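What follows is a short report on a single structure.
Protein chains get the first letters and strands the later ones, always in sequence-line order, with residue 1 at the start of each. This one's a predicted model, so the numbers in the text were calculated from it and none came from an experiment.
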2 protein chains.
Amino acid sequence: MTDFYRAISDPIRRRTLTLVSHKELTQSELVANFSISQPALKKHLAILIEENLITERRDGRYCFYRLKREVFYDHYQKLQHELGSILENKLVKLKDYLEEDNNGESH
Amino acid sequence: MTDFYRAISDPIRRRTLTLVSHKELTQSELVANFSISQPALKKHLAILIEENLITERRDGRYCFYRLKREVFYDHYQKLQHELGSILENKLVKLKDYLEEDNNGESH
DNA sequence: ACATCGTATAACCTTTTGGTTATATGATAA
DNA sequence: TTATCATATAACCAAAAGGTTATACGATGT
């Protein structure tokens, strides 16, 4: 299942996304940034791949990862829309209230 | 621990936030919007309260919930900053590259 | 006074999450 | 060719997440 919220809910995955947004990095380079084991980070990478947020490129014994910026951007846009609408609801309510002619009613 | 990402990672909680952003609602009104049990929704509400995203107000046998818009806004701002910076990194890189005088170097 | 309604809580279950260690495999450097 | 390095994978574990049913409790309508 595709779940952007799940992907970004973990701080290690968010940091990983930041790291691979600067440049393509190998798995061991990434591991060096955390205090977790290589298999543990591999699982985080697997989740990011599963959510289609990063690419994996094999070159010899190295494995390079980088951000799929367009995909991340699309998901981020949707998230902004969803969360943004939660914030805007009150404004919409206020707008509706002002536009209706019930200004004399209570509360 | 305060974790906005955790709070918004569940679709039921996101929908709950939307619902209580329109108007103050009772627990049973909220439950009616989902196909989960009352104790299950209660747990979601407890998490939203724990993350300080909603208020709980008791009135007789009713319990009203509503969005703490300012708190939600602050967390949302931070999230936007964090995720937004992931997207901007490439632009920053390009800017740095152009500003430095290493334009003749490879890759 | 009593039934009912809204909420709270306990006990329990399954699946997911996030980690570990041990070990295998495949590419490369000496 | 042999040791080493980077990655993959299996087996395991504890805790968290998300749900259930049963039941208790307090407020309210009849």
Side-chain angles (χ1 to χ4, degrees), chain A residues 1-20 22-68 75 79 82, chain B residues 1-20 22-68 75 79 82:
Chain A
M1 216 256 273
T2 156
D3 188 352
F4 182 59
Y5 289 95
R6 171 206 184 205
I8 63 167
S9 68
D10 188 277
I12 289 185
R13 288 198 287 274
R14 289 197 297 276
R15 180 120 185 265
T16 299
L17 288 171
T18 299
L19 290 169
V20 299
H22 290 99
K23 59 177 289 207
E24 210 178 34
L25 291 173
T26 70
Q27 195 175 301
S28 50
E29 283 173 328
L30 286 169
V31 169
N33 282 274
F34 304 99
S35 49
I36 60 174
S37 65
Q38 173 258 324
L41 185 66
K42 183 74 208 310
K43 285 189 189 177
H44 286 298
L45 291 170
I47 288 171
L48 293 174
I49 289 168
E50 187 187 338
E51 305 296 345
N52 201 30
L53 291 170
I54 61 172
T55 58
E56 190 180 44
R57 181 176 65 86
R58 197 68 192 252
D59 185 7
R61 59 178 164 177
Y62 297 97
C63 208
F64 290 90
Y65 298 89
R66 82 178 163 76
L67 182 67
K68 285 182 107 172
H75 284 299
L79 176 146
E82 186 172 10
Chain B
M1 215 256 271
T2 156
D3 188 352
F4 183 61
Y5 289 95
R6 170 205 184 206
I8 63 168
S9 69
D10 188 278
I12 288 184
R13 287 197 288 273
R14 289 197 298 274
R15 180 121 184 265
T16 299
L17 288 171
T18 299
L19 289 168
V20 299
H22 291 99
K23 58 177 292 207
E24 209 177 34
L25 292 173
T26 69
Q27 195 175 302
S28 50
E29 284 173 327
L30 286 170
V31 170
N33 282 274
F34 304 98
S35 49
I36 61 173
S37 65
Q38 174 258 326
L41 186 65
K42 182 79 206 311
K43 286 188 190 179
H44 286 298
L45 291 170
I47 288 172
L48 292 175
I49 289 167
E50 187 188 338
E51 304 297 343
N52 201 31
L53 291 170
I54 61 172
T55 58
E56 190 179 44
R57 181 175 66 86
R58 197 67 191 253
D59 185 8
R61 59 178 163 177
Y62 296 96
C63 207
F64 290 91
Y65 298 89
R66 80 177 165 76
L67 181 68
K68 286 183 108 171
H75 284 300
L79 176 145
E82 187 172 10

Let's go through B/Tyr65 and B/Gln27 carefully: what are the C-alpha distance in whole Å and the side-chain angles of both, what is the deciding distance for side-chain contact (heavy atoms from CB on, under 4.5 Å) to 0.1 Å, and is it a yes or a no? CA-CA 7 Å; B/Tyr65 298 89; B/Gln27 195 175 302; 3.2 Å; yes
Once you round it to whole Å, what is the distance between C1' of C/dT25 and NZ of A/Lys42? 13 Å
To the nearest Å, how far apart are A/Tyr5 OH and D/dG18 P? 14 Å
Can you check each nucleotide of nucleotides 13-19 of chain C against protein heavy atoms at under 4.0 Å and return B for base, S for sugar-phosphate only, - for none, in 5' to 3' order? ----SSB
Could you check B/Leu53 against B/Phe4 for side-chain contact (heavy atoms from CB on, under 4.5 Å), going step by step and ending with a plain yes or no? CA-CA 9 Å; B/Leu53 291 170; B/Phe4 183 61; 4.0 Å; yes
Could you tell me whether the phosphate oxygens of C/dT9, OP1 or OP2, come under 4.0 Å of any side-chain nitrogen or oxygen in B/Gln38? no
Nucleotide D/dA6, atom P - distance to CG of A/Leu30 in whole Å: 13 Å
Here the distance between atom P of D/dT9 and atom CD of A/Gln27, to the nearest Å, is 10 Å
Side chain A/Arg66, main chain A/Thr55, donor-acceptor under 3.5 Å: no
Separation of D/dG19 C1' from B/Leu45 CG (nearest whole Å): 15 Å
For D/dT7, take OP1 and OP2 only and decide whether either is under 4.0 Å from a side-chain N or O of A/Ser28. yes
For a quick test of your reading: what N or O donor-acceptor pairs under 3.5 Å do the side chains of residues 32-46 of chain B make, sequence neighbours left out?
unit_1: B/Asn33; atom_1: ND2; unit_2: B/Glu29; atom_2: O; d: 2.9
unit_1: B/Ser37; atom_1: OG; unit_2: B/Ala40; atom_2: N; d: 3.3
unit_1: B/His44; atom_1: ND1; unit_2: B/Arg13; atom_2: NH1; d: 3.0

Report the C-alpha distance between B/Leu79 and A/Leu79 in whole Å, list the side-chain angles of each, state the deciding distance to 0.1 Å, and finish with yes or no for side-chain contact (heavy atoms from CB on, under 4.5 Å). CA-CA 10 Å; B/Leu79 176 145; A/Leu79 176 146; 3.5 Å; yes
How close do B/Ile8 and A/Tyr5 get, heavy atom to heavy atom, and via which atoms? O-CD2, 3.5 Å
Rounded to the nearest Å, what distance is computed from the CG atom of residue B/Leu41 to the P atom of nucleotide C/dT9? 15 Å
Validation row: B/Thr26, B/Asp59 side chains within 4.5 angstrom (heavy atoms): no
Quick check: closest heavy atoms across B/His75 and B/Glu51, and the distance to 0.1 Å? NE2-O, 4.3 Å
Within residues 52-64 of chain B, those residues having any heavy atom closer than 4.0 Å to DNA chain D are B/Gly60, B/Arg61
Within the side chain of A/Arg14, is there an N or O that forms a donor-acceptor pair under 3.5 Å with the backbone of A/Ser9? yes
